[in-house]
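Heads up, the thing below is written out as structure tokens.
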Amino acid sequence: MSAAWLPVLPVVAPLLAAPLWLVVRRPQVAWWGSMAVGAVAFAAAAALLVTVLRNGPVDYAFGGWPPPIGIAYRIDLLGAFVLVLVSGVSWVVSWAGGRGVEREVDEPRRALFFSAYLLCLAGLSGMVLTGDLFNLFVFLEISSLSTYVLVAAGRDRRALPASFRYLIMGTVGATFVLIGIGLLYAGTGTLNMADLAARLPEAFDRRAVHTGIVFLIVGIAIKAALFPLHHWLPDAYARAPGVVSAFLAATATKVAIYVFIRVVFFVFGAQATLEALAVQHTLTALAAAAVVFGSWAALRQDDTKRLLAYSSVAQIGYIVLGLMLADVAGLQAGLTHLFNHALMKGALFLALVAVVYHGGGQRLSDLAGLGARMPLTAAVIVIGGLSLIGVPLTAGFVGKWLLVEAAAAKGAWWLIAVVVVGSVFALGYVGRMLEALYFRAPAAQGGAGIAEAPLGLLVPALVLAAANLYFGIDTRLSAGLAGRVAAALGGAG
Amino acid sequence: MNGVAHAWLIVALMMSGLYIVMASAHLFKKLIGLSVFQVSVFMLYISLGVVEGAAPPIVEPGVDAYSNPLPHVLILTAIVVGIATMALALALLVRIRRAYGTLDEAALAAKDEDA
């Protein structure tokens, strides 16, 4: 296989396949086709990771124009790491998509649903791969626009206002990013990330550059749903079709955080940005607030998807807390939790898709008694939930443990207190789900048809649950790689 | 003031747009605000390409100073993205109106509480 076009394959394959389902409007064909494309993207991402591990960063110049004149891709260890995560989880989730859309999306829209899914995947992959700031904005908008479509694709009419609100917030965020890019261009005269990183130190004192950096960071924070810019997230996740919630929770906010790491640590230079612009203190405070507020809000939800959505707000907080320690240990903790959280939320949201498949509802009370009726789905919720709390031998434990270690090494004891408070709340909201599953009698009326979900849903959910256990024990691919990425970042910053 | 007047205009537009997005209770008005906000950014980019005393970036004999065409090309892309966003948002509004019979935020929330 020629490796020359390997870097663009994860973007080009889904981008080319997406319009096909406009022509061939057969849901089954679209589903199988999308899975095949997802597999290609994942294989390419894995091959890229192997190449980067062996030979160092991979470069690709579009149309043969050398950077900084042309648009270039540059895939380093961080990019390959996140790309494998995004394409891997989205592939497993699309696997569940075939069955998942049966209940939640109307027949004429099912094929188009997969078009939007592939476009979103292409956009997210592009954001990870690109080495050009303006190109980043374009991919950001490709993924965002298709996300709004996906959120509104279901039958629940409440998804429509939720999608609209997400569109307004998302577009404001993307436009902030655009303003930031424009001001940085005005200050330095370049859009290529590597070139920008080289030119920024001497231009750093210009006010246009400062303003640009702040606009960019705020825009990304909206996309990452960092407290208090998270308002779009709970509604969008709760009202979207379940498969979409799983896909977004596992990938979209993760890629936004990846972009944050990319621009702050690679392009702007961690030292200069975090200290000179007081970014570090601000974001640490917001992230700590996100952990406490998100976990507390999750505890008070009655709707299981909203509960998981608020828990996502809290998990973003943990990740940013780790990153904002700004040393190798903290970065490793943040990246590890980013990786593991994608697995947890993917598994949990897919389990909820399985719950509603046979007519179950998404309220906590609808889980009552399902432990006996849907033992495997319930097992996925248990594993995902324990991972969310951070119980040892699950993936969630690894990230939190690394975070606590990193905080202890810096003497940030209050941060450990925040993690403990968040975990206690997590114990509470996961406990409420488990209590309903196993210790509550099923609702008297109806529910006779409720049985285990079909294999097409169950197997992907179980795969993600198993990944939660696997990465709780063998952390070479998660924490190990995250450590290497962090070490490289530490050297760069 | 001279030389930065355009910047004041752009910032005024930007802030009015954002204010309309935040302050309107009607979804369509929010969209108008969003559009104003985006247009202000287009103008920001276009103004970045200005080189004083330079000709438009079309090669002609006897001209040696050209304006910078790159921001113009960039913003062309952003305008296309803006149109796509607008089209999608309008489509959503059509479906919201069909499903709820209103585009007023408070009325929408009230209708969902009944259901």
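The chains referred to below are lettered A, B, ... by the order of the sequence lines, with proteins before strands, and numbering in each begins at 1.
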Check: Atom CD1 in B:Ile96, atom CZ in A:Arg157: separation rounded to 0.5 Å?
Finding: 11.0 Å

Margin query: Counting only heavy atoms from other residues, nucleotides and ligands, does the tally under 6.0 Å from CD of A:Glu202 exceed 12?
Written below: no

Item checked: Partner chain A: residue of B:Ala89, B:Gly33, B:Ser40, B:Ala91 with the largest heavy-atom pair count (under 4.5 Å) -> B:Ala89

Checklist line | Contact origin within A:Val172 toward chain B - heavy atom pairs under 4.5 Å | finding: both

Next item on the list: Pick whichever of B:Val21, B:Leu103, B:Val80, B:Leu70 has the most heavy-atom pairs under 4.5 Å with chain A.
Entry: B:Leu70

Notebook entry, point to check: For B:Tyr66, does the OH atom have more than 12 heavy-atom neighbours from other residues, nucleotides or ligands under 6.0 Å away?
Noted result: yes

Margin query: Taking atom CZ as the centre, does A:Arg155 end up with more than 12 heavy-atom neighbours from other residues, nucleotides or ligands that are less than 6.0 angstrom away?
Written below: yes

Item checked: B:Leu18 portion near chain A, given a 4.5 angstrom heavy-atom threshold -> side chain

Next item on the list: Using non-hydrogen atoms and a 4.5 Å limit, figure out which bit of B:Leu48 sits close to chain A: side chain, backbone, both or neither.
Entry: side chain

Notebook entry, point to check: For A:Ile142, is it the side chain, the backbone, both or neither that has a heavy atom under 4.5 Å from a heavy atom of chain B?
Noted result: neither

Notebook entry, point to check: At what distance, to the nearest 0.5 angstrom, does CZ of B:Arg95 lie from CG of A:Leu160?
Noted result: 4.5 Å

Notebook entry, point to check: Do the side chains of A:Tyr166 and B:Leu92 get nearer than 4.5 Å, heavy atoms only?
Noted result: no

Margin query: For the CG atom of B:Leu44 and the OG1 atom of A:Thr175, what is their distance to the nearest 0.5 Å?
Written below: 12.0 Å

Check: Is there a side-chain contact between A:Ile181 and B:Tyr45 (heavy atoms, below 4.5 Å)?
Finding: yes

Checklist line | Part of B:Leu74 within contact of chain A (heavy atom distance under 4.5 Å) | finding: both

Notebook entry, point to check: Side chain, backbone, both or neither: which part of B:Leu34 has a non-hydrogen atom closer than 4.5 Å to chain A?
Noted result: side chain

Item checked: Point-to-point distance, once rounded to the nearest 0.5 Å, from OH of A:Tyr148 to CG of B:Leu88 -> 8.5 Å

Check: Would the number of heavy atoms belonging to other residues, nucleotides or ligands and lying under 6.0 Å from CZ of A:Phe62 be above 12?
Finding: yes

Margin query: Is A:Phe164 in contact with chain B via its backbone, its side chain, both, or neither, using a 4.5 Å heavy-atom distance?
Written below: both

Check: Taking C-beta and beyond as the side chain, do B:Phe37 and A:Thr171 meet within less than 4.5 Å on heavy atoms?
Finding: no

